[in-house]
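Structure, as structure tokens:
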Amino acid sequence: MCLGIPGEIVEFLVDQPDLAKVSVSGVKRAINIGLLTGEDLQPGDWILIHVGFALSKIDEAEAKAAMEFLEGIGLAYEEEIAALRESRIE
């Protein structure tokens, strides 16, 4: 099962403008933000991530609610976090 997971933007990768370092449950990865070029993204903003791509900007309350739901479904969430830990976009 693939899920959309909320992540918080930590920083932008200056040498790769389509990438941002994002923290998801303490796991930090480079995520492609190219689909959100029209958004005003800043460190601290929350985005919804699916297979390494940011799909939309979301607010913190929506991110918190999504994380609570995902943590509540257990194994599927744990598998998604494990896949994120193993992924690399560089």
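Excluded from the calculations below are hydrogen atoms, water molecules and symmetry mates; all remaining heavy atoms, backbone and side chain alike, are included.
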Please name the pair of heavy atoms, one in [X] and one in [Y], separated by the smallest distance, quoted to 0.1 Å.
| X | Y | answer |
| --- | --- | --- |
| A54 | I31 | N-CG2, 3.8 Å |
| L55 | L36 | O-CD2, 3.4 Å |
| I9 | A20 | CG2-CB, 4.3 Å |

Run the side chain to side chain donor-acceptor pair (under 3.5 Å) test against D15 and tell me which residues pass, sequence neighbours left out.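 Counting only residues at least two positions away or on another chain, D15 forms no side chain to side chain donor-acceptor pair (under 3.5 Å).
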Taken in chain and number order and not counting sequence neighbours, the residues that satisfy side chain to side chain donor-acceptor pair (under 3.5 Å) with Q42 are D40
CZ/F53 to CG/D18 distance, rounded to the nearest 0.5 angstrom?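 The CZ atom of F53 sits 9.5 Å away from the CG atom of D18.
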First locate atom CG of L13, then atom CD of E11, and finally report the distance between them rounded to the nearest 0.5 Å.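 Reported value, rounded in 0.5 Å steps: 6.0 Å.
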The side chain to side chain contact (heavy atoms under 4.5 Å, CB included) partners of A63 (sequence neighbours excluded) come to P6, W46, I58
Is [Y] reachable from [X] through a run of hydrophobic residues whose side-chain heavy atoms are each under 4.5 Å from the next?
| X | Y | value |
| --- | --- | --- |
| L48 | F12 | no |
| M67 | V10 | no |
| I5 | V27 | yes |

Hey, mind stepping through L19 and I33 against side-chain contact (heavy atoms from CB on, under 4.5 Å) and telling me if it holds? CA-CA 6 Å; L19 298 180; I33 57 171; 5.9 Å; no
Under the salt bridge (charged side-chain N to carboxylate O under 4.0 Å, His left out) test, which residues partner D45, sequence neighbours left out?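 Salt bridge (charged side-chain N to carboxylate O under 4.0 Å, His left out) check on D45 returns K57.
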Quick one: list whatever passes salt bridge (charged side-chain N to carboxylate O under 4.0 Å, His left out) with E62, sequence neighbours left out.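 Per chain and number, E62 pairs via salt bridge (charged side-chain N to carboxylate O under 4.0 Å, His left out) with no residue.
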How about E39: does its CD atom have over 12 heavy atoms from other parts shown lying under 6.0 Å from it? yes
Taking the side chain as every heavy atom from C-beta outward, state whether S23 and K28 have any atom pair closer than 4.5 Å. yes
I49 versus V24: any side-chain heavy-atom pair under 4.5 Å?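 Yes, side chains in contact.
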